[in-house]
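As structure tokens, the structure follows; a few thoughts come after it.
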Amino acid sequence: MLLIHCPYCEETLPEAEFTYAGQAHVIRPEDPSGQSDDQWQEFLFIRANPKGPHYERWRHFHGCGRFFNAVRDTVSDKFLTTYKAGAPRPDLSSLTEGLK
Amino acid sequence: MTHFSAFSLLKNALTGHKAWTEQWPDSQPKKEYDVIIVGAGGHGLGAAYYLAKQHGITNVAVIDKGWLGGGNTGRNTTIIRSNYLYDESAKLYDHAVDLWENLSQDLNYNVMYSRRGVLMLAHNVHDVQSFKRHIHANRLNGVDNRWLTTQECKDYCPPLNIAQNARYPVMGGALQERAGTARHDAVAWGYARGAAMRGVDIIQNCPVTAIRRNADGSVAGVETAKGFIKAKKVAVSAAGHTSVVMETAGVRLPLESYPLQALVSEPIKPIFPCVVMSNAVHAYISQSDKGELVIGSGTDQYTSYSQRGGLPLIEHTVAAITEVFPIFNRMRMLRKWGGIVDVTPDRSAIISKTPVEGLYVNCGWGTGGFKATPGAAHTFAWTVAKNEPHPINAPFTMERFRTGRLIDEAAAAAVAH
Ligand SMILES: Cc1cc2nc3c(=O)[nH]c(=O)nc-3n(C[C@H](O)[C@H](O)[C@H](O)COP(=O)(O)OP(=O)(O)OC[C@H]3O[C@@H](n4cnc5c(N)ncnc54)[C@H](O)[C@@H]3O)c2cc1C
Ligand SMILES: [Zn+2]
């Protein structure tokens, strides 16, 4: 069971309270009708799927109900950080420094 | 390599089983191949076998980062069926079932394909309606599938609890009799032996670290732990690691990798005659020939390469199994494990050419690609050999995510399949 820190509740709680919501920072096109098929494919379907640090969204479903972002290492499943929705994407090197 | 027969068995028995030869050599890489296949699972080894057998292409290497069959091929719950909703899927999976039927004879290797029937339980009105729709669609496609009443389900699978006050009442079920199971390891071993016999090199413990491309963009070969190996064509069949491998060639795919788990019980006498799947409660169960109950669980909600999976899922699965089969509630579970499965947005596979000349990919089999092994391998080999899709895998190209012509088994099954 993962332990996840909700940046709104400021509590670290079991995974069962949370739902995963896919890759983070996928930006909805501002002009949908002006998008090409390639751009739609990229937005709808293509995902980073890295083996290593992954920027992703979670929702504190059985708590405050809010969406937030996280960086998690997909090899160890360890969370490097969680941060509020709308906050800028944290710099990876500062997060992974202590790990090596 | 010895041909297996009653006669060779007898002969070797008389010499104390000391004269058996190895089933495939542990090859070291040559400098160059016509085709390099990345991933020695059932799909990759099978593709090598059909390349050699049906297309006469034998200068082939299958390279794996671990041992052959150590990926999802050796980790799955071996359910084989073809009662998929959409025409494209029905053709592909039924093609595989056709090949399963004669695979042991074809390979001269017993893959223990057992047509014990797969029964999918309906627990609510929605299940009943959607299964009946599946049955009609399947029959129009010539795929066997029929409806069983609650009592008929019980007769077919006696350990089933059909009490009407059960937490998950059984309202009937869809039965595919041609469906069943096979011995997963034997599938990898049989294809490996058949391919090696025809000159294919199987190179184990050799991670492919990158796909290299020529100045004109076409594929040049692969970078591996044992150095660079040149190739005219590279065919990737790396399941959960496909995104990682393909990224090195600059090809991005609509895939996400999730852990999927399974567990087995202590072995018991034969009690469970078929395979039962319950999509609504997410539990799959059958009994292996060794006597263990083989139980499939679900995927974790988050992407991961940890090849482990979370315990809450196992708890959920076991709870569901003991509700549907209270007879098993004192059984002890022996082992659980996970595999990394590559999931597409429409839950259908990709067997396809890529934008890179000479690079091919077979992936996206997610939670349900064991059943497809012979069919996928057969059509993938065709695509690699002829540089064009086989009629059966033509709808399963990467292109569909651009054109929007999806094969939406995700909506049809609503769960892992
Ligand atoms: C727990 C579980 C239960 C399942 N149950 C069923 C079921 O009941 N029925 C069903 O039909 N399907 C089931 N599946 C799915 C099925 O196992 C897979 O879809 C199928 O086995 C995929 O076969 P494959 O040969 O493509 O992959 P694999 O057997 O995973 O082979 C891929 C190979 O690629 C290798 N590889 C990866 N990266 C590299 C690299 N960089 N260099 C070299 N080699 C590399 C891996 O080591 C691996 O051996 C299940 C899966 C799991 C995990
Ligand atoms: Zn919260």
Side-chain angles (χ1 to χ4, degrees), chain A residues 1-6 13-26 29 32-33 35-63 67-82 96 99, chain B residues 65 207 209 238-248 250-259 298-316 338 340-348 350 355 363-364 366 397-406 408 410:
Chain A
M1 173 103 56
L2 305 181
L3 292 176
I4 304 174
H5 185 80
C6 173
L13 297 158
E15 177 194 333
E17 291 204 11
F18 298 84
T19 47
Y20 180 69
Q23 187 176 327
H25 304 291
V26 177
S33 51
Q35 300 283 302
S36 68
D37 287 353
D38 282 327
Q39 285 167 316
W40 275 120
Q41 159 168 273
E42 181 71 26
F43 169 69
L44 289 172
F45 299 130
I46 306 290
R47 292 295 174 261
N49 202 24
K51 187 173 183 175
H54 184 222
Y55 292 88
E56 61 193 23
R57 297 196 310 157
W58 285 84
R59 184 177 179 204
H60 191 186
F61 192 80
H62 297 292
F67 283 92
F68 58 90
N69 291 333
V71 185
R72 183 179 51 94
D73 184 333
T74 62
V75 178
S76 63
D77 289 337
K78 193 178 155 61
F79 281 86
L80 304 181
T81 186
T82 59
T96 48
L99 286 179
Chain B
K65 68 183 166 77
T209 49
H241 281 78
T242 307
S243 300
V244 180
V245 175
M246 293 297 285
E247 180 113 74
T248 65
V251 179
R252 299 180 64 224
L253 289 161
L255 293 176
E256 290 186 296
S257 297
Y258 294 92
T299 54
D300 279 298
Q301 52 171 340
Y302 49 88
T303 62
S304 176
Y305 290 84
S306 67
Q307 207 157 263
R308 201 166 41 223
L311 217 45
L313 279 157
I314 298 291
E315 224 179 315
H316 172 83
I340 302 301
V341 299
D342 45 332
V343 176
T344 59
D346 63 358
R347 303 295 186 272
S348 288
I350 298 170
C363 65
T397 58
M398 287 168 62
E399 270 292 283
R400 74 176 187 271
F401 297 96
R402 201 176 62 78
T403 62
R405 184 69 182 83
L406 304 183
D408 207 351

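A note on names: the letters A, B, ... follow the listed sequences, proteins ahead of strands, and every chain is numbered from 1. All figures in this text were calculated on a predicted structure; none of them were measured in a lab.
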message: Is it the case that over 12 heavy atoms from other parts of the model lie below 6.0 angstrom from the CZ atom of A/Phe61?
response: no
- prompt: Atom OG of B/Ser243 and atom CZ of A/Arg47: how far apart are they, to the nearest 0.5 Å?
  reply: 12.0 Å
task: Please say whether more than 12 non-hydrogen atoms of neighbouring residues, nucleotides or ligands are located less than 6.0 Å from CD in A/Gln39.
output: yes
task: Please look at B/Leu406 and chain A and tell me whether the side chain, the backbone, both or neither of the residue comes under 4.5 angstrom of a heavy atom of that chain.
output: side chain
message: How long is the straight-line distance from CH2 of A/Trp58 back to CD of B/Gln301, given to the nearest 0.5 Å?
response: 4.5 Å
task: Provide the closest heavy-atom pair for B/Arg308 versus A/Ser76 in the form atom of the first, atom of the second, distance.
output: NH2-O, 3.8 Å
- prompt: In terms of heavy-atom proximity below 4.5 Å to chain B, should A/Pro50 be classed as side chain, backbone, both, or neither?
  reply: backbone
field: Contact class of A/Leu2 relative to chain B, heavy atoms under 4.5 angstrom
entry: side chain
Donor-acceptor pair, side chain of B/Glu256 and main chain of A/Gln23, under 3.5 angstrom: no
CZ on B/Arg252 to CD on A/Gln41, rounded to 0.5 Å: 9.5 Å
query: Does some side-chain heavy atom of B/Tyr302 sit less than 4.5 Å from a side-chain heavy atom of A/Glu15?
result: yes
- line: Rounded to the nearest 0.5 angstrom, the CG-OH distance for A/Asp73 and B/Tyr305 is 11.5 Å
query: Using non-hydrogen atoms only, which part of B/Met398 is less than 4.5 Å away from chain A: side chain, backbone, both, or neither?
result: backbone
Interchain contact, A/Ser36 with chain B, by part (heavy-atom threshold 4.5 Å): neither
task: May I ask you to name which of B/Ile340, B/Leu255, B/Leu311, B/Leu313 has the most heavy-atom pairs under 4.5 Å with chain A?
output: B/Leu255
- prompt: In terms of heavy-atom proximity below 4.5 Å to chain B, should A/Asp37 be classed as side chain, backbone, both, or neither?
  reply: both
statement: Most contact-rich option vs chain A, by heavy-atom pairs under 4.5 angstrom, among B/Gly309, B/Gly310, B/Ser304, B/Pro345, is B/Ser304
query: At what distance, to the nearest 0.5 angstrom, does CD of A/Glu56 lie from OG1 of B/Thr303?
result: 5.5 Å
query: Considering only heavy atoms, which portion of B/Gln307 lies under 4.5 Å from any heavy atom of chain A: side chain, backbone, both, or neither?
result: neither
task: Counting only heavy atoms closer than 4.5 Å, note whether A/Ala48 contacts chain B via side chain, backbone, both or neither.
output: backbone
message: Once side-chain contact (heavy atoms from CB on, under 4.5 Å) is applied, do any residues pair with B/Thr248, and if so which ones, sequence neighbours excluded?
response: B/Ala210, B/Ile211
message: Nearest 0.5 angstrom please: B/Arg402 CZ to A/Leu44 CG, how far?
response: 13.5 Å
